[in-house]
Protein chains: 10
Amino acid sequence: MNRIEVTEKIITAKVSKGISWASVARQVGLSKEWVTAACLGQMTLNEKQAAIVGEIFELNAEEQKWLQVVPYKGSLPTTVPTDPLIYRWYEIVNVYGSTIKELIHEEFGDGIMSAIDFSMDIRREADPKGDRVNVVLSGKFLPYKSY
Amino acid sequence: MNRIEVTEKIITAKVSKGISWASVARQVGLSKEWVTAACLGQMTLNEKQAAIVGEIFELNAEEQKWLQVVPYKGSLPTTVPTDPLIYRWYEIVNVYGSTIKELIHEEFGDGIMSAIDFSMDIRREADPKGDRVNVVLSGKFLPYKSY
Amino acid sequence: MNRIEVTEKIITAKVSKGISWASVARQVGLSKEWVTAACLGQMTLNEKQAAIVGEIFELNAEEQKWLQVVPYKGSLPTTVPTDPLIYRWYEIVNVYGSTIKELIHEEFGDGIMSAIDFSMDIRREADPKGDRVNVVLSGKFLPYKSY
Amino acid sequence: MNRIEVTEKIITAKVSKGISWASVARQVGLSKEWVTAACLGQMTLNEKQAAIVGEIFELNAEEQKWLQVVPYKGSLPTTVPTDPLIYRWYEIVNVYGSTIKELIHEEFGDGIMSAIDFSMDIRREADPKGDRVNVVLSGKFLPYKSY
Amino acid sequence: MNRIEVTEKIITAKVSKGISWASVARQVGLSKEWVTAACLGQMTLNEKQAAIVGEIFELNAEEQKWLQVVPYKGSLPTTVPTDPLIYRWYEIVNVYGSTIKELIHEEFGDGIMSAIDFSMDIRREADPKGDRVNVVLSGKFLPYKSY
Amino acid sequence: MNRIEVTEKIITAKVSKGISWASVARQVGLSKEWVTAACLGQMTLNEKQAAIVGEIFELNAEEQKWLQVVPYKGSLPTTVPTDPLIYRWYEIVNVYGSTIKELIHEEFGDGIMSAIDFSMDIRREADPKGDRVNVVLSGKFLPYKSY
Amino acid sequence: MNRIEVTEKIITAKVSKGISWASVARQVGLSKEWVTAACLGQMTLNEKQAAIVGEIFELNAEEQKWLQVVPYKGSLPTTVPTDPLIYRWYEIVNVYGSTIKELIHEEFGDGIMSAIDFSMDIRREADPKGDRVNVVLSGKFLPYKSY
Amino acid sequence: MNRIEVTEKIITAKVSKGISWASVARQVGLSKEWVTAACLGQMTLNEKQAAIVGEIFELNAEEQKWLQVVPYKGSLPTTVPTDPLIYRWYEIVNVYGSTIKELIHEEFGDGIMSAIDFSMDIRREADPKGDRVNVVLSGKFLPYKSY
Amino acid sequence: MNRIEVTEKIITAKVSKGISWASVARQVGLSKEWVTAACLGQMTLNEKQAAIVGEIFELNAEEQKWLQVVPYKGSLPTTVPTDPLIYRWYEIVNVYGSTIKELIHEEFGDGIMSAIDFSMDIRREADPKGDRVNVVLSGKFLPYKSY
Amino acid sequence: MNRIEVTEKIITAKVSKGISWASVARQVGLSKEWVTAACLGQMTLNEKQAAIVGEIFELNAEEQKWLQVVPYKGSLPTTVPTDPLIYRWYEIVNVYGSTIKELIHEEFGDGIMSAIDFSMDIRREADPKGDRVNVVLSGKFLPYKSY
């Protein structure tokens with residue numbers, strides 16, 4: 001048994017039972033972004049969180065233990081994602097990558113925006129010309145320092 | 001002559017003159033994100049915008065014309081970016097890719113978040129534990145429809 | 001269980017029963033292009049469509065549920081397709097790619113032809129020198145706008 | 001000197017003189033798709049066509065000779081194109097590739113749609129919800145035969 | 001079930017029964033090149049051919065049906081083949097590729113040698129210094145035409 | 001100076017002077033396949049051959065010396081060739097690769113068809129349904145032996 | 001002008017003048033690891049540091065400005081480094097990667113060892129069986145937190 | 001059975017029993033770095049070590065034999081690791097690679113730091129601003145010699 | 001069944017029975033290099049050799065037949081091998097590749113050293129500073145000839 | 001200036017002056033393998049050796065200094081070499097890689113054959129059936145040790 005098998009079991013249960021990620025997040029008591037990432041094998045749950053998720057998706061004790069093991073991360077099957085929704089994000093990084101770099105350095109100096117001390121919030125933004133996806137990313141700025 | 005040479009000339013002028021992207025954007029009268037992307041060879045300026053940018057970076061008439069030609073887009077030299085700041089964004093897409101896909105589909109159904117009808121806003125978020133980079137992405141949702 | 005297994009079951013049933021895509025499309029009441037793509041795991045069916053497809057290919061209730069889940073898209077096993085028929089399309093994009101870009105930009109300005117708000121129609125075109133494949137692609141033009 | 005240099009000279013002249021592909025095609029007397037592809041280094045012109053193109057873009061005798069040499073074809077700088085407009089076409093081949101294969105085989109049997117005995121027509125399709133790009137591809141069906 | 005499984009079953013039967021491709025071709029009544037390619041999952045048999053091949057390799061009715069379905073072609077597990085015999089052919093294309101292109105264009109003009117309207121004949125060529133492999137390739141020339 | 005520069009000079013001279021490979025081969029007194037490969041930087045000429053080629057393409061003494069140096073071989077710019085004519089050959093190796101392997105082994109046992117002790121002959125084959133390209137490849141069979 | 005040209009000028013000056021990295025670091029007053037990385041185009045100097053480095057390597061005012069611009073980082077020409085010394089480090093990551101991951105997670109929980117809030121110290125470790133390279137890496141542990 | 005299956009069995013047992021690598025290392029009597037690497041299929045145990053590890057993870061006699069067979073090494077599923085913790089190490093090699101090379105050569109001359117005659121020590125380094133991961137690498141310097 | 005499964009069975013039997021390659025080679029009566037390569041699925045055995053190998057590793061009649069089928073060769077799972085021992089050989093080809101090419105051409109002219117009419121002998125070379133691996137490679141020189 | 005330019009200058013001088021590597025090696029007083037590798041930019045010369053090589057190839061003082069700088073090693077332009085002579089060596093590593101690994105481990109245990117404490121000797125081996133290339137590789141065995 002490994003984490004990938006637990007993830008597949010969660011996804012299969014989600015489809016057959018018609019569970020929504022939003023409801024899982026409400027029961028766990030955290031954001032839907034973090035909880036979904038955890039269920040998809042990208043984050044590590046603590047014992048209590050694993051028990052809640054385990055009950056929702058009918059996972060046994062060993063499967064719940066796997067949810068508490070730090071996973072090997074990375075959720076894409078190919079270097080350049082083929083799925084159109086995910087590719088658009090890769091395209092944003094590709095087209096705007098140098099822009100993002102320039103503007104963060106102009107504001108903060110040399111360093112990075114952390115992908116660890118990081119949170120994401122995805123919401124619907126009503127718009128008469130067609131609703132929009134609104135995403136807020138917040139990552140701590142980590143400066144390079146000389147030593 | 002091609003657009004890449006114009007981009008290089010802009011960057012060289014920016015360094016030697018100490019111009020900031022924020023000041024360029026103010027003069028053009030648009031967001032710093034779009035203006036920087038345009039100066040870096042990813043967006044197309046109109047004649048008036050090209051004239052303003054041309055004056056700032058001392059571009060001649062032919063170089064200004066190139067700013068009005070639709071460029072071949074993509075600002076990264078490798079499929080997986082090596083620069084740490086840009087890589088963190090690739091990592092976000094890699095680690096959170098399946099999460100983003102699940103949550104947008106849960107809210108909107110099958111479709112994508114547009115990277116064309118799209119805007120980005122990068123700001124400093126003050127934080128006593130260390131300032132953060134706050135990024136808002138807004139893209140129109142485009143549904144797949146049967147036909 | 002996952003969508004790939006459902007797709008494989010559909011293909012196996014198609015071969016053993018001798019079902020044609022055209023007849024599936026007629027029963028679903030939509031174009032053969034969209035219906036085939038959906039059966040091959042690239043589009044999302046609604047409940048009623050899934051029931052019709054499920055009856056044709058003898059899918060059980062859970063398998064029909066998978067047809068209603070947004071799939072991870074991309075139908076090619078390699079970055080450059082090895083199959084001669086599909087490669088010819090990759091070659092068209094490779095040889096004519098810059099031409100397509102130039103002509104769409106000349107007509108519409110900066111932007112893209114959508115692959116989401118998109119339809120395709122494949123027909124036989126009788127020709128005394130050998131019949132031809134006639135394909136009509138229709139995609140909404142989405143302009144880049146400054147912001 | 002090589003064909004790539006001639007192509008670059010044509011593109012540079014096009015930008016500085018503000019020439020449109022449509023007007024070049026009219027002067028050559030052929031479709032804008034074929035003429036643009038030829039100017040971009042993907043097709044071979046005859047002597048008379050090369051003379052017309054040469055006059056438009058101010059090419060000398062040797063440069064005109066290069067337009068009559070069969071070029072090494074392929075207009076994309078990377079295996080997966082990064083430019084958003086061209087990528088959408090790659091995505092169509094990726095998402096619809098197996099569908100196209102199934103439907104052509106269902107209609108014609110084993111074989112391919114030629115990318116050589118082939119023509120393309122790109123037009124604006126007026127639409128109140130936003131104009132569309134309409135593309136017609138026509139390629140001869142070439143059957144595999146046993147021997 | 002899929003075509004790959006049928007191919008594997010054919011190869012396993014061939015080894016355990018000691019069948020030669022030449023004898024299969026004689027029974028089918030076609031060239032050994034085409035028949036072997038078909039048995040290896042690269043060509044499509046008609047019903048009668050499938051029945052003969054099915055009898056030789058003890059394939060059931062459903063497996064024979066798969067022989068009549070157009071396969072996804074491409075017989076190499078890697079982009080550059082590692083097997084020494086097949087690599088030598090890749091090397092010929094690599095070393096002589098530009099030569100082949102020049103000489104076919106010199107004789108025929110712009111176009112290609114078809115790999116569809118194509119046949120191959122592999123024979124032993126006796127030679128006192130060591131026998132040789134003699135291969136004749138015949139492919140229809142398909143010209144690019146302007147339109 | 002290096003061999004690649006000499007090759008480029010030969011190609012440039014060929015275009016500007018309108019020289020045919022067939023005439024070069026006649027003057028060298030060898031097959032057009034070998035002579036073209038040599039001029040394109042894939043084979044090594046002896047002093048006398050280099051002098052003849054040098055005179056035809058107006059190469060100086062040092063450039064003629066480079067023709068006598070064993071080149072780094074491989075004439076394709078990418079692993080999978082993008083040029084349609086050369087790709088068709090790659091496709092033949094891909095689709096027929098396992099067939100070629102099976103049939104040569106069936107006739108000769110374990111070993112390879114040499115790409116060194118090798119010759120190629122490309123000819124026009126008249127055909128009322130459209131002329132064909134006829135290619136004869138002849139390579140010595142080299143057996144693997146146990147030791 | 002760009003940062004890569006400044007790096008090349010520094011390296012050329014270093015060879016022709018016989019300057020050691022250790023002496024550069026002493027003059028800058030920081031570690032040899034950080035100073036060398038900065039001179040090789042991977043870190044950003046402040047104005048005073050740039051002036052010192054500029055004087056050592058005879059850089060003009062504009063070149064010194066480039067040292068103060070955040071560079072596009074990544075010092076390897078290929079994804080897998082071919083240089084034996086650098087490859088050994090890639091091999092350590094490859095062979096010990098899963099071990100490093102397990103032990104850091106066992107000690108700290110889910111998170112990463114920062115490559116930004118990071119320092120490195122390379123020293124000679126005398127050893128009678130042959131001196132050793134001793135490297136101390138120190139990176140802040142950054143925990144993933146739920147949100 | 002193969003080594004990979006034994007590694008998977010060890011990891012599964014570790015999760016279900018809640019064993020720590022530190023305790024395994026104490027029982028084996030060697031460093032946690034080497035012992036973890038060995039359990040993860042990267043090092044070779046002797047009979048006695050295999051017996052201890054076998055008892056901890058409940059491996060049978062044949063599985064213990066596999067621990068004593070030299071494994072095919074390399075613990076990463078992709079050339080560029082996607083897991084954020086391991087990627088940071090790849091990034092260190094990428095950003096600091098040329099620096100490491102320069103400084104080792106400056107101190108030792110031409111040669112490498114061995115990845116075979118090598119040891120690693122990973123420790124927690126308490127720090128009021130947040131604890132750090134401290135890693136000491138020690139590899140014998142191996143000089144290139146002329147011959 | 002296929003050759004890979006037979007290879008895996010041989011390796012599994014080797015580990016569980018503690019068989020050495022040297023003893024297998026003695027029983028077969030050939031070099032340990034060729035016999036090991038054959039057992040690892042890279043060479044083709046005759047009936048008598050297969051019977052001996054079959055008895056040693058307890059292979060049944062069908063498995064012995066597979067040893068007599070020419071295998072698809074290539075023993076490495078990745079293009080650049082990750083295993084340190086095998087990588088060192090790749091590194092030798094990479095670092096010394098151009099040297100090997102120059103020296104063989106200087107001695108023999110244009111051609112190759114055969115990897116088919118080839119033998120290898122690996123021996124221990126006692127050395128007071130540490131024993132060495134001594135490898136003798138012998139390959140027939142095959143000249144390119146003009147034709 | 002960099003080492004690559006010095007290497008190119010050496011090769012150009014070698015061709016125009018007709019110098020042999022064997023004569024360079026005799027003057028340097030070392031093996032032809034090491035000296036050729038050094039001249040091709042893979043090894044580091046000392047001052048005296050650089051002076052001898054510099055005189056032979058007419059290198060100035062600065063160019064001689066570059067010969068004394070440790071180069072970034074790796075002499076192949078592509079991961080899999082396209083040149084037939086060098087490819088045969090890659091093929092030997094690919095086909096015999098697992099064999100080499102097994103036999104060295106059987107003789108020496110876990111460890112590697114050094115590519116640093118390494119020498120190579122390439123000689124002609126007269127043979128009535130065609131002369132052979134005889135290569136002796138000698139590399140120190142470096143054992144992995146537990147710690």
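Rounding to the nearest 0.5 Å gives a distance of 7.5 Å between CE of Met120(E) and CD1 of Ile92(F). The CH2 atom of Trp89(F) sits 11.0 Å away from the OH atom of Tyr96(E) when rounded to the nearest 0.5 Å. Atom CG of residue Asn94(E) and atom OH of residue Tyr90(F) lie 10.5 Å apart, to the nearest 0.5 angstrom. How far CZ of Arg88(E) is from CD1 of Ile116(F): 7.5 Å, rounded to the nearest 0.5 Å. With values rounded to the nearest 0.5 angstrom, Glu107(E) atom CD is found 8.5 Å from Asp131(F) atom CG.
With 3.5 Å as the limit, one finds a donor-acceptor pair spanning the side chains of Glu125(E) and Ser138(F).
Proximity to chain F involves both the backbone and the side chain of Phe108(E), based on heavy atoms less than 4.5 angstrom apart. No part of Leu142(F) comes within reach of chain E, as not one of its non-hydrogen atoms sits under 4.5 angstrom from that chain. The contact between Ile104(E) and chain F is made entirely by side chain atoms (from C-beta outward), counting heavy-atom distances below 4.5 Å. Only the side chain of Asp83(F) comes within contact range of chain E, judged by heavy atoms closer than 4.5 Å. For Ile100(F), the parts lying near chain E are the backbone and the side chain together; criterion is any non-hydrogen pair under 4.5 Å. With a 4.5 angstrom heavy-atom cutoff, Phe118(F) touches chain E via backbone and side-chain atoms both.
Per-residue counts of heavy-atom pairs under 4.5 Å with chain F were compared for Ala37(E), Gly139(E), Gly130(E); the largest is that of Gly139(E). Heavy-atom pairs under 4.5 Å with chain E were tallied for Ala115(F), Ser114(F), Pro143(F); the largest tally goes to Ala115(F). Considering only heavy-atom pairs separated by less than 4.5 Å from chain E, the leading option among Lys101(F), Lys32(F), Lys73(F) is Lys101(F). Per-residue heavy-atom pair counts under 4.5 Å with chain F were compared for Asp110(E), Asp121(E), Val80(E), Leu40(E), and the maximum is reached by Leu40(E). The most heavy-atom pairs under 4.5 Å with chain E, out of His105(F), Glu102(F), Glu91(F), come from Glu102(F).
Arg124(F) forms no cation-pi arrangement with Phe141(E), by the criterion of a distance under 6.0 Å to the ring centre and an angle within 45° of the ring axis.
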message = As a quick check of understanding, evaluate side chain to side chain contact (heavy atoms under 4.5 Å, CB included) for Asp117(F) and Lys129(E), giving each step before the final call.
response = CA-CA 11 Å; Asp117(F) 189 335; Lys129(E) 286 176 291 185; over 6 Å; no
request  = Start with the C-alpha gap between Met113(F) and Val135(E), add the side-chain angles, then the distance that decides, and say whether side chain to side chain contact (heavy atoms under 4.5 Å, CB included) holds.
outcome  = CA-CA 10 Å; Met113(F) 168 180 162; Val135(E) 184; 4.1 Å; yes
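Nearest heavy atoms, Leu76(E) versus Val93(F): CD1-O, 3.9 Å. When every heavy atom of Leu103(E) is checked against every heavy atom of Glu33(F), the shortest pair comes out as CD1-CA, 3.8 Å. Closest heavy-atom contact between Met43(E) and Val95(F): CE-CG1, 4.2 Å. A pairwise comparison of heavy atoms in Ser119(E) and Arg132(F) identifies N-NH2, 4.2 Å as the closest pair.
For CD of Glu55(F), the number of neighbouring non-hydrogen atoms (other residues, nucleotides, ligands) closer than 6.0 Å is 12 at most.
Judged by distance alone, the side chain of Glu106(E) and the main-chain N or O of Trp21(F) form a donor-acceptor pair under 3.5 Å. Here the side chain of Ser98(E) pairs no donor or acceptor atom with the backbone of Ser75(F) at under 3.5 angstrom. When atom types are taken as modelled, the side chain of Lys140(E) and the backbone of Asp127(F) share no donor-acceptor pair closer than 3.5 angstrom.
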